[in-house]
Amino acid sequence: WKGAPLIEDKASGWSFKPRGRLQYDVGHVGSPEGIDDRGLGFSNELRRARLGVEGTIPGGFDYKFEMDFAEGDVEITDATLGYDAGAGVGFTIGQHNSFQSLEELTSSRFTSFMERAAFTDAFNFERRVGLSAAYENGPFIAQAGVFTDNIHDLDDENNSLGADARLVFAPKMGETQLHFGGSAHYRDNNDLAERGDTTRYRQRPMIHSSDTRFLATPELIVDKETSYGLEAALIHGPLHAAGEVHWLEADTLGSVAKPTFFGGYAEVGYYLTGETRGYKGGKFDRTKVLNPLSDGGIGAFQVNLRYDHLDLIDDGIVGGKQQGYQASLIWIPEDHVRFLLNYGRMNYDNAAIPALNGDRDYSVDVFGARAQIDF
Amino acid sequence: WKGAPLIEDKASGWSFKPRGRLQYDVGHVGSPEGIDDRGLGFSNELRRARLGVEGTIPGGFDYKFEMDFAEGDVEITDATLGYDAGAGVGFTIGQHNSFQSLEELTSSRFTSFMERAAFTDAFNFERRVGLSAAYENGPFIAQAGVFTDNIHDLDDENNSLGADARLVFAPKMGETQLHFGGSAHYRDNNDLAERGDTTRYRQRPMIHSSDTRFLATPELIVDKETSYGLEAALIHGPLHAAGEVHWLEADTLGSVAKPTFFGGYAEVGYYLTGETRGYKGGKFDRTKVLNPLSDGGIGAFQVNLRYDHLDLIDDGIVGGKQQGYQASLIWIPEDHVRFLLNYGRMNYDNAAIPALNGDRDYSVDVFGARAQIDF
Amino acid sequence: WKGAPLIEDKASGWSFKPRGRLQYDVGHVGSPEGIDDRGLGFSNELRRARLGVEGTIPGGFDYKFEMDFAEGDVEITDATLGYDAGAGVGFTIGQHNSFQSLEELTSSRFTSFMERAAFTDAFNFERRVGLSAAYENGPFIAQAGVFTDNIHDLDDENNSLGADARLVFAPKMGETQLHFGGSAHYRDNNDLAERGDTTRYRQRPMIHSSDTRFLATPELIVDKETSYGLEAALIHGPLHAAGEVHWLEADTLGSVAKPTFFGGYAEVGYYLTGETRGYKGGKFDRTKVLNPLSDGGIGAFQVNLRYDHLDLIDDGIVGGKQQGYQASLIWIPEDHVRFLLNYGRMNYDNAAIPALNGDRDYSVDVFGARAQIDF
């Protein structure tokens, strides 16, 4: 059992497992200085509703196929065919994450806040169709691939192409797990830019159920994107700390603007009940609850604090700047069940939405709560 | 096996089961007094095509996630996270039925007609996202919850909120299962009404494959809804009888109209082959076939008669009135396979569609047939 | 294991199996004589992403429910309820293939090229909702059914109806499997034609990821369609040959045009590694790899050559003519994993897209590659 039954025939190499997750969110976004917008205030949504399968095929092959139905339509998340070549080398064909950042690669089932750091959405990280290779040797992981676009954007005129790579060094020093990483990304939108497709860099206020974005650049015709990121993390018993910085440079077409946007975060978390945050394969993983309800315990309680920074102002493009101070309380009564409570004090400069008095510098209080199961 | 394999590890509390159903309908709606409408006459459709999973997680947690794909898109039906607190008390988070009526709560796999009583659709009963509690003690069941809206209607401007409750007393008198129930419902559309979202109360002619509705109010801007229902049923050997009444009061915005609509039905059914209609947890359940084909038998045959009443005329709103006389023949060759044959003589007063001569009082003959499997 | 676990209780008659497939395509279509169209050149797509279930129910019943999510929405492929009446007789209710041709009926998991012969798409073969019967006796198979329309086109005004039948004689002569077949099809669009729904007969250039169609008739209001096809195939050890011809006559409404279009193909294939192409139930089936990677082998290699003909010119309707010369190299490292490499030299006469100089007779080079898993 891994949430759902893992059915396998180890001798032959066959295995199969259903997989899925449900996340319900409730949130409240304050209205700074009298901004009247029905998207503010109370909101609730089914954040993720995923169902899929994964399996292995003899000869070293595997697959993963999962979809998200939360929006009332079909969003294919992972749809991959993999091959394990042995000696730590693996290949993946299909739609998967392009090695963007520690926070982005960590599953939403295991993140320390309801939503990931602001830059991951603002920079439009997404899964794309591609061919990648990975190499793992002791504490070293190297990942690289070429990618076209997200399945849902792949029409026959789309010849966008990108290359992505990430390096991780994750030594274990005594009882302490360390993580150092860096990634580089390049993307050429090719005909998409020529036909006028536009890109916006923007972000919601900490929670996802509100679509009101205080941070947003105008629609830009982006020809090429280059981005770089650095990652560091530490896990020591019930304590963990993590931080990242990421720069994205956008080459616009038909304009001289070549802005570089910047985002990053620093967080620290602690399990009051003594658990240790899971870590595996260059990203955070599931936490094993020490005293679950099923053993008569109270489950795991974790508190997290985060500073979340995003700067979408450069080279004449003004998308606003965020300094978010956030707290998260997580209860994990059983290994596959989680409840989260989040609060954030979000400070904005040059926000995209002016206050009643025209002011674009203000603060917003945001609350969020989530119920989650996964299998 | 419960249609599909139930995979479980009883000792630990894990279980998992795929679930789904397919229903194909063919129908014919007569054209009263020369009404020329291509939606009348022959029609056929995939009525329901559901696929999903359900499972339990140690510690008393469970989940259910099912979708309907019949319309060519994704409609999430149930998506819940539950917790069994013991002593008959349970909690549910997520999208589920809000305890509307015996007929609405009974699964479409087990209803005695192809479609439920007219008032259940006319009053827009639907699953909604909410938090509910249930308490069961011997013949008593109490259910109550607060609900926002259907997942697919949950945008960030939607702050509608409602409360729903139901009480059931279901004593077993010797061989006779009795059922008495009542439910009350309140809903405030809040900003939805303010931004002008409208509601129609309307119903198809007995079958679902035709979209021509002889009964329909105009589009109303409904601010608040209050509804009440009473339920009664009896199962004695191969015989069952059931009846309900339900009132819905709609407060309209920007108008003085505050109509109260009324619907109800009375039905009686009999298994010619001696089976007994299933009943469990305050609603009808699966019938166990005595002599299925797989044992060399002929399966179960049931006949049902129903009077189906709906009155959408009040306080100046004229949506029409229905008096339906309906018969149903059901063949269940195996526990998870059903074939239904329905006929209805539907009498309409003040119908929404005038006949060629302007008459709005007429009768329509309706035929329907269904093939169904579920697992 | 059949790709995914087949869970069954043979004694009772219950069984259940998940099923699915993933196909990723990359392609390149040349630009003949300077045609400037972004749909030409490089393209890539998720060709198929199917997930579903199949199972059996005691008493001889079975079901199959599968959907394709590749386009980012839901396309129901098979959704059937079946009954095995014994003595080679079976019945099927629901959406399934209407016995169009050997090539169309063979699963896309097992075809010898990435795409089927041009006429199968050009003639709009598709799965439809219907009721069919099949009879199998030794080398003889007879299939016939009545069908309405594809689920996604079934609105309440749709009363289109058709009848389809196919006969197969497939004797085994020593080591040689022979296949002879013929099918006939009739369809009346009824009200669909009256309300003005149109039909186009058209085809992509060998691969599916480009939507640029060099062959296409204008939009026609088609009242009735009649089509006939003949099939022949042979499998002898690693060698196979197959060929078909198919005529389609379209009765147009409000015009005297009654064109008959024609398509067909002839192909020959050979397994360099000694395998034999699978054949079962009147269509090609899975190839069993002799030396898969999991046994230290190199998998199966097959080469195929095909001539693919399509003529959409008749009775004043000019949709163009295709003569395609195609080659396919297939690698099957394991039974459920396939990689395909395709090349085609496509000669067009009277193409729908004129070249820069107005010429409508030209040739196009097309390349395609596919990675595929199924379970």
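We name chains A, B, ... by the order of the sequence lines, and we start the count at 1 in each one.
The salt bridge (charged side-chain N to carboxylate O under 4.0 Å, His left out) search around C:Glu115 returns C:Arg47, C:Arg370, not counting sequence neighbours. With sequence neighbours left out, A:Arg166 forms a salt bridge (charged side-chain N to carboxylate O under 4.0 Å, His left out) with A:Glu231.
Atom CG of A:Asn124 sits about 11.0 Å away from atom CG of A:Asn150, to the nearest 0.5 Å. To the nearest 0.5 angstrom, A:Asp155 atom CG is 11.0 Å from C:Ser209 atom OG.
Interface residue C:Arg50: only backbone heavy atoms are found under 4.5 Å from chain A. Using a 4.5 Å cut-off between heavy atoms, C:Tyr24 contacts chain A through its side chain alone, with no backbone atom that close.
Closest non-hydrogen pair, C:Val364 versus C:Gly30, comes out as CG1-O, 3.5 Å. A pairwise comparison of heavy atoms in C:Thr56 and C:Gly13 identifies OG1-O, 2.9 Å as the closest pair.
At a cut-off of 3.5 Å, with distance as the only test, no side-chain donor of C:Ser210 or C:Ser43 sits close to an acceptor on the other residue.
Side-chain atoms of A:His96 come within 3.5 Å of backbone atoms of A:Gly94 as a donor-acceptor pair (strictly under, hydrogens ignored).
Among A:Ile93, A:Asp149, A:Asn158, the residue making the largest number of heavy-atom pairs under 4.5 Å with chain C is A:Ile93. Between chain A and the options C:Pro292, C:Ala4, C:Ala49, C:Gly27, the largest number of non-hydrogen pairs under 4.5 Å is found for C:Ala49. When C:Val26, C:Leu46, C:Asn44, C:Leu51 are compared by the number of non-hydrogen pairs under 4.5 Å with chain A, C:Asn44 comes out ahead.
In summary, A:Glu54 and A:Lys17 do not engage in a salt bridge, as defined by a charged side-chain N under 4.0 Å from a carboxylate O.
Heavy-atom neighbours of chain C within the stretch residues 188-196 of chain A, taken at a separation under 4.5 angstrom, comprise A:Asp191, A:Glu194, A:Arg195. Using a 4.5 Å heavy-atom cut-off against chain C, the contacting residues of residues 67-80 of chain A are A:Met67, A:Phe69, A:Val74, A:Ile76, A:Ala79, A:Thr80.
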